[in-house]
**Student:** 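After the structure tokens below, expect a handful of questions from me.
The sequence lines fix the lettering, A, B, ..., with proteins before strands; numbering per chain opens at 1. We use all heavy atoms of the structure for the numbers below, so side chains are in, but hydrogens, waters and symmetry mates are not. Worth saying up front: this structure is predicted, and the values here are computed from it rather than measured.
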Amino acid sequence: AAGVIQSPRHLIKEKRETATLKCYPIPRHDTVYWYQQGPGQDPQFLISFYEKMQSDKGSIPDRFSAQQFSDYHSELNMSSLELGDSALYFCASSLMEKISGNTIYFGEGSWLTVV
Amino acid sequence: DAKTTQPNSMESNEEEPVHLPCNHSTISGTDYIHWYRQLPSQGPEYVIHGLTSNVNNRMASLAIAEDRKSSTLILHRATLRDAAVYYCTLSTTGNQFYFGTGTSLTVIP
């Protein structure tokens with residue numbers, strides 16, 4: 001079965017540069033989530049989108065922005081990168097099912113290294 | 001965000017059952033209880049979820065307390081491949097999945 005696709009898998013950027021991560025959800029999924037996981041840390045929720053609209057906002061820095069496009073893929077844009085932004089970034093998707101509860105499915109993540 | 005509390009780590013012998021507890025005393029009536037597990041450098045993997053009744057699937061069982069303030073993930077026979085960090089999380093109405101500090105499970109051969 002098709003899974004959540006993230007690209008690129010690995011990315012190296014210098015401080016103060018900009019990076020963009022892409023996420024392609026499972027077909028027919030209408031909701032996308034972004035998480036950041038630093039070394040030895042638990043996944044931290046950044047932001048989510050439902051039907052192309054932002055639905056929830058977590059600990060996303062102001063330097064970061066994200067959007068979901070008409071084909072439901074999502075992009076996380078990170079500007080003025082700092083060393084502390086080095087982390088594994090996960091995208092997840094789900095199909096909104098308020099009755100049975102959402103189950104979210106994660107991609108394999110994008111490794112961002114800021115040097 | 002809804003809070004969950006889990007032990008930092010647990011150990012189990014291979015082929016023995018494992019009971020992973022989770023407290024969620026502030027759970028609301030519409031919150032689902034979800035369990036995910038994560039292997040190193042991989043995305044979290046869905047294990048099981050439930051609302052009020054106990055649930056079983058091919059991976060595990062979920063036992064939910066009658067007052068829903070706690071739950072237990074049960075792995076019936078632990079294998080080495082079950083060694084992972086297990087997260088208990090609550091899905092509130094809307095799209096909120098917050099991961100707390102999970103339980104690192106070590107399986108001893």
**Student:** Set out, in order, the CA-CA distance, both residues' side-chain angles and the distance that settles ring-ring contact (aromatic ring centres under 6.0 Å, His included) for B/Phe99 and A/Tyr35, then state yes or no.
**Tutor:** CA-CA 10 Å; B/Phe99 288 82; A/Tyr35 289 83; 5.5 Å; yes

**Student:** In this structure, are over 12 heavy atoms from other groups packed under 6.0 Å from B/Ile108 atom CD1?
**Tutor:** yes

**Student:** With a 4.5 angstrom heavy-atom cut-off, is it the side chain or the backbone of A/Gln37 that approaches chain B, or both, or neither?
**Tutor:** side chain

**Student:** Should we count NZ of A/Lys13 as having more than 12 external heavy atoms under 6.0 Å?
**Tutor:** yes

**Student:** Evaluate the ring planes of B/Tyr36 and A/Phe106, with Trp represented by its six-membered ring, and classify them as parallel (under 30°), tilted (30 to 60°) or perpendicular (over 60°).
**Tutor:** perpendicular

**Student:** May I ask you to name which of A/Pro43, A/Gly58, A/Gly109 has the most heavy-atom pairs under 4.5 Å with chain B?
**Tutor:** A/Pro43

**Student:** Does CG belonging to A/Asp62 count more than 12 external heavy atoms closer than 6.0 Å?
**Tutor:** no

**Student:** Does a sphere of radius 6.0 Å around CZ in A/Arg63 hold more than 12 heavy atoms from other residues, nucleotides or ligands, not counting ones at 6.0 Å or beyond?
**Tutor:** yes

**Student:** Without swapping roles, check the side chain of B/Tyr87 against the backbone of A/Asp42 for a donor-acceptor pair under 3.5 Å.
**Tutor:** no

**Student:** Using 0.5 Å steps for rounding, measure from the OG1 atom of A/Thr103 to the NE2 atom of B/His49.
**Tutor:** 4.0 Å

**Student:** Should the heavy atoms of other residues, nucleotides or ligands under 6.0 Å from CD of B/Glu66 be counted, would the total exceed 12?
**Tutor:** no

**Student:** Quick check on A/Glu75: does its CD atom have over 12 non-hydrogen neighbours (other residues, nucleotides or ligands) under 6.0 Å away?
**Tutor:** yes

**Student:** Can you say whether B/Gln38 sits under 4.5 Å from chain A via the side chain, the backbone, both, or neither, judging by heavy atoms?
**Tutor:** side chain

